[in-house]
There are 2 protein chains.
Amino acid sequence: MPRLTEATAAKRRMHILDATAHCLFERGLLATSVDNVCTQAGISKGAFYSHFPSRDALIHAVTDMLAAELGPIEDGSIATLADSVFERRIAPALPPAHARFGIEVTAASTGDSGLRERNTANLERLRHAVEAAAHRLIAAGKARADADAATVGWLVQAHVMGVLCRNAVWPAQDAAALRRGTHLLLESLLAPV
Amino acid sequence: MPRLTEATAAKRRMHILDATAHCLFERGLLATSVDNVCTQAGISKGAFYSHFPSRDALIHAVTDMLAAELGPIEDGSIATLADSVFERRIAPALPPAHARFGIEVTAASTGDSGLRERNTANLERLRHAVEAAAHRLIAAGKARADADAATVGWLVQAHVMGVLCRNAVWPAQDAAALRRGTHLLLESLLAPV
């Protein structure tokens, strides 16, 4: 096979990752094989393996790509924080195919250390962002002085995981009701009394 | 095979269910086969199939058995409610093997309608129990009058799912810290201001 320039290789790699994300959302994690990805991407298995050494490496690269697409958590106010938790971390994962993929990744994380590392790094970024936001809101007098920022951090992390889990079990949740729940949670935990 | 009396058949069935629970917690849902269960129970496959028509039927019966072991949600006060949510629904599922089984059941529920039905019935019982408890606490003046009992119900359901999901991802969570989180959540959502 001729050597690809670096730019072409990066472009092909991204094309394979997009095809993989398509397969993962359409078929699920367990049902997606390297063959499916090659068919979707319109490439040979030889070409595939010149970009990724294994299916595991591919899945890890896709989860990295999806994680990079998550935006930052904002914290101008409790409402802004609640909105950004909902918009950045809950809403994108609500479509049934995304929900199934999310829960499959969590289940597979118990057995695949590379996947587990990525999944946990992602979840910990959320926890730390919410904890830091709570600290800033307390310091700015916009949250109550005795709020427990660390506990709020993990409760919101558990909230996001739980809402997505519920959504995987009962697809097509009312997004507006879910958003109100995230707001009620953060207002209850943080609002000055 | 000779006919068993009804009592003997019920006893053998329970013996198979206990052996299955053992396998499920030891090996996980996906890795547990009818062969494993027969070995664990010390019975032949013929004997197995005289009690359960299929592996699916067996898994459904085990989840029914495990659900029946969950105790009631109590609601004398917000603290009692928080304690019983934690004791009945979170603490029993914290050991890593139970956590893995729980998340596997949730993942498998997206593809197995019988499992899904049981999983959702279980989760809905929790939601309804918490919602009813919140209504009673409000009526008794022990929770704030404007608390949103329905939202509290699903937020606590999501909390339990999220905490168990986190625990599957990060085994060996500090149970005392988790209990404090469940208390903080319910106090924040319900306590009179």
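Bear in mind the structure is a predicted one, so any value in this text is a computation, not a measurement. Quick note on labels: first sequence line is chain A, next is B, and so on, each numbered from 1.
A:Arg116 touches chain B through its side chain: at least one heavy atom from C-beta onward sits under 4.5 Å away, while N, CA, C and O do not. Only the side chain of A:Leu155 comes within contact range of chain B, judged by heavy atoms closer than 4.5 Å. Interface remark: A:Leu190 contributes no atoms to any contact with chain B (heavy atom separation under 4.5 Å). Contact of A:Ala191 with chain B is not made at all, since no heavy-atom distance falls under 4.5 Å. Only the backbone of B:Ala177 comes within contact range of chain A, with at least one heavy atom under 4.5 Å from a heavy atom of that chain.
Residue B:Glu6 qualifies as open at atom CD: its count of foreign heavy atoms under 6.0 Å is 12 or below.
B:Arg13 and B:Ala61 get closest at one heavy-atom pair: NH2-CB, 3.9 Å. In terms of heavy-atom proximity, B:Ser84 sits nearest to B:Ile73 at OG-CA, 3.4 Å.
Put simply, the residue from A:Arg88, A:Arg89, A:Arg179 that forms a salt bridge (charged side-chain N to carboxylate O under 4.0 Å, His left out) with A:Asp83 is A:Arg179.
With chain A as the partner, the residue from B:Ala108, B:Cys165, B:Gly28, B:Gly102 showing the most heavy-atom pairs under 4.5 Å is B:Cys165. Considering only heavy-atom pairs separated by less than 4.5 Å from chain B, the leading option among A:Leu164, A:Thr182, A:Leu184, A:Leu185 is A:Leu184. With chain B as partner, the option from A:Glu104, A:Arg180, A:Gln157 having the largest number of non-hydrogen pairs under 4.5 angstrom is A:Gln157.
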Original post:
Step by step, would you call B:Phe86 with B:Val160 a side-chain contact (heavy atoms from CB on, under 4.5 Å)?
Top reply: CA-CA 8 Å; B:Phe86 185 81; B:Val160 169; over 6 Å; no

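Looking only at atom types and distance, the side chain of A:Asn122 has a donor-acceptor partner in the side chain of A:Arg125 under 3.5 Å away.
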